[in-house]
Amino acid sequence: MMTRGIRGATTVQTNSKTEIHKAAADAMTHIIQKNNICPDDISHILITVTNDLDAAFPAEGLRNLDGFQYVPIMCAMEIPVPNSLKKCIRLMVTVNTTKRPADIHHIYLNEAVKLRPDLTLTNEQ
């Protein structure tokens with residue numbers, strides 16, 4: 001068994017609590033489904049948001065998913081790089097798995113597909 005990171009990212013249209021919670025939960029749900037993992041496989045999750053998202057902690061959206069009440073989740077602000085993608089939520093999910101790095105499915109949704117088109121195309125195959 002190895003410890004691996006699974007990347008995920010998504011964007012929202014507005015800086016609202018409801019939309020931030022829904023988008024974070026949706027990204028996490030996709031990560032779970034595509035990688036066939038469960039909360040017990042997760043060591044911890046780091047979530048970052050761009051500085052234009054401050055209406056809610058995305059971690060709160062994940063807490064409503066089954067089994068996530070005991071998963072350590074931390075939120076942080078993404079560094080404000082000029083001309084970077086706006087209204088973006090990024091996840092780094094650290095899991096224990098037997099999968100090789102090439103077998104991990106990283107998830108990019110909405111406008112975040114622009115961040116890693118190389119991984120997005122691989123995930124759609």
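Given the structure is predicted, the values throughout are model-derived calculations rather than measurements. Side-chain atoms are counted along with the backbone in the values below, which use heavy atoms only and exclude waters and symmetry mates.
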Quiz item: So, does N35 use its side chain to make a donor-acceptor pair with the main chain of I31 at under 3.5 Å?
Solution: yes

Exercise. Please round to the nearest 0.5 Å and tell me the distance separating atom CD1 of I20 and atom OG1 of T10.
Key: 11.5 Å

Quiz item: So, K99 side chain and R4 main chain: donor-acceptor pair closer than 3.5 Å or not?
Solution: no

Quiz prompt | Between N15 and D52, a side-chain donor and acceptor under 3.5 Å | solution = no

Quiz item: How close do A112 and T11 get, heavy atom to heavy atom, and via which atoms?
Solution: N-CG2, 3.8 Å

Quiz item: Heavy-atom count around K86 NZ within 6.0 Å, excluding the residue itself: above 12?
Solution: yes

Quiz item: Residues two or more places apart in sequence or in another chain: which of them pass side-chain hydrogen bond (donor to acceptor under 3.5 Å, both in side chains) with T48?
Solution: E78

Practice problem: Search all heavy atoms of I42 against all heavy atoms of I45 and return the closest pair with its distance. | Solution: CG2-CG1, 3.8 Å

Quiz prompt | D41 side chain vs V95 backbone, donor-acceptor pair below 3.5 Å | solution = no

Quiz prompt | Same apolar cluster: I47 and M77, side chain cutoff 4.5 Å | solution = yes

Practice problem: Consider only side-chain heavy atoms of I, L, V, M, F, W and Y, link residues closer than 4.5 Å, and tell whether L62 and F57 are in one cluster. | Solution: no

Quiz item: Can you tell me how far CG of L46 sits from CE of M92, rounded to the nearest 0.5 angstrom?
Solution: 8.0 Å

Exercise. For residues I6 and K34, determine if any side-chain heavy atom of one lies less than 4.5 Å from a side-chain heavy atom of the other.
Key: no

Quiz prompt | Over all atoms of both residues, closest heavy-atom pair of M28 and L91 | solution = SD-CD2, 4.1 Å

Quiz prompt | Within-4.5 Å side-chain heavy-atom neighbours: R7 and R116 | solution = yes

Self-check item: Spatial distance of atom CZ (R90) from atom OH (Y108) [nearest 0.5 Å]
Solution: 8.5 Å

Quiz item: Is there side-chain contact between L53 and P58, with at least one heavy-atom pair below 4.5 Å?
Solution: no

Under 3.5 Å, which donor-acceptor pairs do the side chains of residues 65-73 form with other protein atoms, sequence neighbours left out?
none

Exercise. List the steps and the verdict of side-chain contact (heavy atoms from CB on, under 4.5 Å) for M74 and H44.
Key: CA-CA 8 Å; M74 181 176 280; H44 60 278; over 6 Å; no

Quiz item: Which value, rounded to the nearest 0.5 Å, describes the distance between N96 atom CG and T3 atom OG1?
Solution: 4.5 Å

Self-check item: Contacts of type side-chain hydrogen bond (donor to acceptor under 3.5 Å, both in side chains), residue E60, not counting sequence neighbours
Solution: H21

Quiz item: Do I89 and L109 belong together in a cluster built from hydrophobic side chains that touch within less than 4.5 Å?
Solution: yes

Quiz item: Closest heavy-atom contact between L85 and E111?
Solution: CD2-O, 3.7 Å

